[in-house]
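To keep things clear, I will list the structure first and then write my remarks on it.
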Amino acid sequence: MDNQTVGASIRVRVPAKINLALRVGPLGDDGYHPLGTVFQAVSLIDEVEALPCDEGVQLSMRGEGAESLPVDGRNLAVRAAELLREHYGVSEGVELRIRKHIPIAGGMAGGSADAAGALLACSMLWDLDTQPEDLHDFAARLGSDVPFALMGGTARGVGRGTELAPMLTRGNYQWVLALAHEGLSTPAVFRRFDEMVEAGEMVGSTDVPQGVMNALATGDVAALGGALCNDLEAPACSLRPELVEVLDTGRAATGVVGGLLSGSGPTCAFLARGESAAMDLAAELNALPQVRAVRRAQGPVPGARPVK
Ligand code: C5P
């Protein structure tokens with residue numbers, strides 16, 4: 001990763017995401033839930049480097065949680081490289097080196113970001129004739145959050161979250177992220193959502209609140225804070241009750257305009273009025289025993305892009 005002198009290596013930076021709104025419809029026959037979501041890419045960045053090698057796809061990872069991640073075909077970044085090799089009949093191999101800053105199993109799409117980074121880096125390394133639409137299609141085959149990691153910025157997402165429409169937004173948003181000690185399984189959170197819908201405790205719907213769209217159009221931080229919503233928050237809190245105190249603490253802090261569970265969790269994301277409120281909140285959250293670490297990030301930031 002630190003070896004920037006390797007001739008043909010390509011390095012790509014790729015961001016984490018927060019869902020500013022995540023509405024979930026009832027489980028479909030395909031085993032997925034239709035979503036209505038608004039993604040924002042934030043400045044927690046993984047770096048994916050692709051270097052030529054003789055054969056196969058090799059992966060090494062460093063940084064945040066890297067030691068607990070598989071480096072074989074179970075890793076989405078390896079699958080991304082294999083998908084391109086197969087589709088384009090590439091005979092050369094690739095060595096992928098990933099430096100992680102995005103928390104793993106945290107609801108911030110870190111694995112998806114790495115896959116998006118691998119798609120872009122490998123397509124450049126092998127000089128493939130991929131159009132943005134092609135990369136989007138490969139990304140959607142890999143996972144629901146992979147296309148947005150390529151796109152970045154702020155976007156509406158429907159379907160599985162892979163059908164995206166970029167949004168023009170105003171403003172820059174200061175986030176404080178409370179990371180949990182242990183990750184949460186996305187399928188498990190969706191299953192709990194299904195149980196709660198079946199029990200009549202929740203209603204499945206994909207309607208994104210107009211308040212989120214209006215706030216982003218005008219750059220109104222306080223209005224956005226009040227409109228944030230996530231249908232997976234109640235199911236995740238039911239699986240991990242200690243998240244409730246983290247959410248309550250963050251939301252009640254001075255200078256915080258809103259907070260929500262990020263994606264399927266367990267990371268909690270809080271929107272601060274400005275830098276100084278964000279710094280105060282970071283200190284307050286750090287003192288909670290349920291919180292493993294706190295990160296600050298701002299958004300929106302661009303999607304996957306090569307480092308010059
Ligand atoms: O697409 P991805 O592999 O990221 O999804 C992981 C799991 O999350 C799926 O296998 C499914 O159980 C659940 N999921 C869902 N509805 C979606 C997205 C994901 O039920 N729209």
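Counting starts at 1 for both ligands and their atoms, following the listed order.
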> Near D30 CG, under 6.0 Å, is it more than 12 heavy atoms from other residues, nucleotides or ligands?
Replying inline: yes

Residue set satisfying salt bridge (Lys or Arg N to Asp or Glu O under 4.0 Å) with E195, at least two apart, ordered chain then number -> R192

- prompt: Using 4.0 Å as the upper bound for N to carboxylate O, is an ion pair formed by E86 and R79?
  reply: no

Mind checking whether V71 and M61 have side chains closer than 4.5 Å, heavy atoms only? yes

If you look only at distance, which donor and acceptor atoms sit under 3.5 Å apart when one is on a side chain in residues 102-129 and the other is two or more places apart or in another chain?
{"unit_1": "D114", "atom_1": "OD1", "unit_2": "K100", "atom_2": "NZ", "d": "3.4"}
{"unit_1": "D114", "atom_1": "OD2", "unit_2": "K100", "atom_2": "NZ", "d": "2.7"}
{"unit_1": "S123", "atom_1": "OG", "unit_2": "L119", "atom_2": "O", "d": "3.2"}
{"unit_1": "S123", "atom_1": "OG", "unit_2": "L120", "atom_2": "O", "d": "3.0"}

Run the side-chain donor-acceptor check on residues 268-291: report pairs under 3.5 Å with partners two or more places apart or on a different chain.
{"unit_1": "E275", "atom_1": "OE1", "unit_2": "R296", "atom_2": "NH2", "d": "3.4"}
{"unit_1": "Q290", "atom_1": "NE2", "unit_2": "E245", "atom_2": "OE1", "d": "2.9"}

Output for ligand 1, non-hydrogen cut-off under 4.0 Å, lists G31, Y32, H33, L35, G143, S144, R160, T186, P187, F190

